[in-house]
Amino acid sequence: IWILIAYEPVWAIGSGLIPKPLELFQTINFIKKKVKNNKVLYGGSVNSKNIDQLNSINNIDGYLIGGASQDSKKFIDIIKKTYN
């Protein structure tokens, strides 16, 4: 059984800002150590401009896309950048 955990800093939601990579890596590691058999998704201003930086953080298991998912072009661009 897997537990999916979504991590979204309140200050990042809709702000266009994301945590610094090291801070995000450390926070996700902390979550993964506390809860076994989990996958951690990151949410909070995920967009086509910051997805490359988010993809470079190797312990993020996926993304929770908010506002950018309401525009099909933006959403598809995020998906393409995630898998290329």
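I51 contributes atom CD1, which lies 10.0 Å from atom OH of Y42 (distance to the nearest 0.5 angstrom). Atom CG of L54 and atom OG1 of T82 lie 8.5 Å apart (nearest 0.5 Å).
Between the side chains of Y63 and N55, a donor-acceptor pair is found at a separation under 3.5 Å.
The two residues S15 and S45 come nearest to each other via the heavy atoms N-OG, 3.0 Å.
Cluster note: I1 groups with no other residue, as no ILVMFWY side-chain heavy atom lies under 4.5 Å from it.
Residue pairs meeting the salt bridge (Lys or Arg N to Asp or Glu O under 4.0 Å) criterion with at least one member in residues 38-54: none, sequence neighbours excluded.
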For residues 2-13, tabulate all N or O donor-acceptor pairs below 3.5 Å that involve a side-chain atom, not counting sequence neighbours.
residue, atom, partner, partner atom, Å
E8, OE1, G44, N, 3.4

For residues 65-80, which side-chain donor-acceptor pairs fall under 3.5 Å, sequence neighbours excluded?
residue, atom, partner, partner atom, Å
S69, OG, G66, O, 2.6
D71, OD1, K73, N, 3.0
D71, OD1, K74, N, 3.2

Side-chain atoms of residues 17-32: list all donor-acceptor pairs with protein atoms under 3.5 Å, sequence neighbours left out, distances to 0.1 Å.
residue, atom, partner, partner atom, Å
T27, OG1, E23, O, 2.8
N29, OD1, N59, ND2, 3.1
K32, NZ, N59, O, 3.0
K32, NZ, D61, OD1, 3.3
K32, NZ, D61, OD2, 2.8

